[in-house]
Amino acid sequence: MSVDNEWKSKSKSEFGDIFRLYQIFTTSTGLELPTDLNTKFEKEPENWQLYYETKHASLKASDREVLMQQANKEFKDAQKYLKTFQDDVNYSLLIQVASNMLWILDALPEYAGCYYILSYMLLMVNRQADALEILDMGRKINPNFEQFQELEKEILSRVDTQEEVPVLVNDSLSPELLNVLLEIFERFDEDCDDCLNPKELDHFVFSTNGQHPPDSFIQQMGQRFGANRSGWLTKKGFLAFYLEQTLGDPNETRKDISAHGYNKKQLIKTSTT
């Protein structure tokens with residue numbers, strides 16, 4: 001991992017990924033948020049170390065008590081607004097509330113209530129997958145925020161009433177399944193080299209079906225589906241394996257992704273694993 005990637009990982013771990021959050025919300029809703037938010041969050045920092053150090057200094061110098069009081073007030077007001085949205089979606093008010101939540105997170109990255117509000121707003125516009133992703137981001141910041149569980153149940157209740165998303169399109173992996181598999185691959189590719197070394201592949205298989213594979217299986221996976229010079233399964237090989245499996249038994253693939261926290265019908269993430 002490069003030095004800049006280490007600072008990037010450290011920043012997202014401590015401050016959350018507000019850039020990804022902004023992208024999800026604006027893309028999902030189509031809302032145009034104020035220009036100052038766009039300028040600040042549309043693109044990730046070019047220098048993550050500088051971002052981290054500047055952010056850390058800013059948070060250290062802030063009056064946390066005053067900011068928390070303001071955040072609590074905004075959160076309570078947002079909850080009141082959400083009740084009115086259910087009857088009449090006021091998009092100007094949506095923009096105002098969303099903007100407030102993002103500004104709060106910029107000043108108080110640990111404020112889980114903002115993730116709750118933004119996730120709920122996406123649920124209201126029937127963007128369940130994106131709502132779950134934001135909920136998952138919030139859980140990484142504060143897994144003990146009680147309202148997350150209640151909201152997740154509501155989101156999933158709507159997901160379960162929808163038709164099954166296909167795993168194949170014209171004998172190829174569907175875009176939805178492809179995205180899920182890439183997310184899973186990246187989760188187990190700990191050294192970010194676009195391959196699963198024997199240890200990483202063993203971890204993946206064990207996490208999928210609860211059994212450690214024999215060494216011969218590890219070797220054959222790379223040989224059959226695609227390996228690098230070291231014989232390790234590549235990302236393309238990983239996808240090739242899942243294409244063959246899905247063509248033969250799509251239910252087995254749905255079962256696999258379910259083991260990694262995805263809804264096997266809708267192909268969306270439903271829990272943190």
Side-chain angles (χ1 to χ4, degrees), residues 5 7-48 51-52 54-56 58-59 62 67-68 70-72 74-75 77-79 81-82 85 91 93-145 147-152 154-155 179-180 182-183 186-187 261-262 268-273:
N5 280 338
W7 283 106
K8 179 178 181 179
S9 178
K10 186 177 178 65
S11 296
K12 292 184 177 182
S13 175
E14 294 188 24
F15 310 137
D17 192 352
I18 198 168
F19 305 98
R20 173 63 181 155
L21 180 62
Y22 176 87
Q23 179 189 43
I24 294 171
F25 190 85
T26 54
T27 301
S28 186
T29 63
L31 295 176
E32 293 186 10
L33 299 184
T35 304
D36 50 355
L37 283 170
N38 180 66
T39 301
K40 193 162 189 176
F41 303 129
E42 185 180 27
K43 296 181 180 179
E44 290 189 341
E46 294 182 359
N47 185 325
W48 280 98
Y51 170 78
Y52 177 87
T54 302
K55 184 81 169 179
H56 188 270
S58 175
L59 295 176
S62 63
L67 288 173
M68 188 62 71
Q70 294 175 342
N72 288 335
E74 292 291 348
F75 177 66
D77 288 344
Q79 287 181 300
Y81 294 148
L82 289 179
F85 292 160
Y91 285 97
L93 197 53
L94 274 175
I95 291 173
Q96 178 185 335
V97 172
S99 300
N100 289 342
M101 295 302 102
L102 288 168
W103 282 123
I104 291 172
L105 284 175
D106 190 38
L108 292 171
E110 74 277 16
Y111 199 86
C114 294
Y115 291 95
Y116 171 84
I117 295 296
L118 293 171
S119 178
Y120 199 104
M121 292 168 73
L122 292 185
L123 174 61
M124 289 190 304
V125 294
N126 295 315
R127 303 293 295 187
Q128 287 89 345
D130 292 327
L132 284 170
E133 183 171 354
I134 289 181
L135 199 64
D136 189 51
M137 294 171 71
R139 276 210 175 101
K140 291 177 181 177
I141 296 296
N142 184 353
N144 299 317
F145 189 72
Q147 289 168 281
F148 283 154
Q149 185 174 358
E150 179 184 344
L151 180 56
E152 182 180 48
E154 186 168 353
I155 296 171
N179 287 336
V180 169
L182 289 174
E183 287 178 4
E186 290 171 3
R187 190 185 309 165
Y262 291 83
I268 58 178
K269 196 170 186 181
T270 58
S271 64
T272 304
T273 57

Inset, instruction - Find out whether Leu21 and Cys114 are in side-chain contact, i.e. whether some heavy atom of one side chain is under 4.5 Å from a heavy atom of the other. - result: no
Inset, instruction - Mark yes or no for whether Ser11, through its side chain, and Trp7, through its backbone, hold a donor-acceptor pair below 3.5 Å. - result: yes
Legend entry - Asp136 side-chain N/O to Leu132 backbone N/O, donor-acceptor pair under 3.5 Å: no
Inset, instruction - Apply side-chain contact (heavy atoms from CB on, under 4.5 Å) to Tyr115 and Phe145, showing your working. - result: CA-CA 10 Å; Tyr115 291 95; Phe145 189 72; over 6 Å; no
Inset, instruction - Quick one: pull up OG in Ser119 and CD in Gln147 and give me the separation to the nearest 0.5 Å. - result: 11.5 Å
Inset, instruction - Might you point out which heavy atoms bring Ile117 and Ala78 nearest each other, and give the distance in Å? - result: CD1-CB, 3.8 Å
Inset, instruction - List the steps, then state whether side-chain contact (heavy atoms from CB on, under 4.5 Å) holds for Glu44 with Lys12. - result: CA-CA 11 Å; Glu44 290 189 341; Lys12 292 184 177 182; 3.3 Å; yes
Legend entry - Partners passing salt bridge (charged side-chain N to carboxylate O under 4.0 Å, His left out) against Lys55 (at least two apart in sequence or in another chain): Asp106
Legend entry - Separation between CG of Leu94 and CG of Leu31, rounded to the nearest 0.5 Å: 6.0 Å
Inset, instruction - Could you list the residues that satisfy side-chain contact (heavy atoms from CB on, under 4.5 Å) with Leu67, not counting sequence neighbours? - result: Ser62, Gln70, Ala107, Leu108
Inset, instruction - Please list, chain by chain and in numerical order, all residues satisfying side-chain contact (heavy atoms from CB on, under 4.5 Å) with Ala98, sequence neighbours excluded. - result: Phe25, Leu33, Leu118, Met121
Legend entry - CD1 on Ile104 to CE on Met101, rounded to 0.5 Å: 4.0 Å
Legend entry - Rounded distance [0.5 Å steps], CG in Asn72 versus CG in Asp77: 11.0 Å
Inset, instruction - Give the C-alpha distance, both sets of side-chain angles, the deciding distance and a yes or no for side-chain contact (heavy atoms from CB on, under 4.5 Å) between Asn38 and Tyr22. - result: CA-CA 8 Å; Asn38 180 66; Tyr22 176 87; 3.2 Å; yes
Inset, instruction - Would you mind listing every side chain to side chain donor-acceptor pair (under 3.5 Å) that reaches into residues 96-105, with sequence neighbours excluded? - result: Glu74-Asn100
Legend entry - Glu14 vs Tyr52, side chain to side chain donor-acceptor pair (under 3.5 Å): CA-CA, chis, key distance, verdict: CA-CA 9 Å; Glu14 294 188 24; Tyr52 177 87; 2.9 Å; yes
Inset, instruction - Might you point out which heavy atoms bring Gln79 and Tyr116 nearest each other, and give the distance in Å? - result: NE2-CE2, 4.4 Å
Legend entry - Where Ile95 and Glu32 come nearest, the two heavy atoms and their spacing: CD1-O, 3.8 Å
Legend entry - Check: Ile24 and Leu122 side chains under 4.5 Å, non-hydrogen atoms: yes
Inset, instruction - Quick one: list whatever passes salt bridge (charged side-chain N to carboxylate O under 4.0 Å, His left out) with Glu133, sequence neighbours left out. - result: Arg20
Legend entry - Closest contact, heavy atoms only, Val97 versus Tyr81: CG2-CD1, 3.4 Å
Inset, instruction - Quick one: pull up CG in Leu102 and CD1 in Ile18 and give me the separation to the nearest 0.5 Å. - result: 5.5 Å
Legend entry - Non-hydrogen atoms of Lys8 and Trp48 that approach each other most closely: CG-CE2, 3.4 Å
Inset, instruction - Rounded to the nearest 0.5 Å, what's the gap from CD on Glu154 to OH on Tyr120? Could you check? - result: 4.5 Å
Inset, instruction - Can you sort out the partners of Asp130 under salt bridge (charged side-chain N to carboxylate O under 4.0 Å, His left out), two or more places apart, ordered by chain and number? - result: Arg127
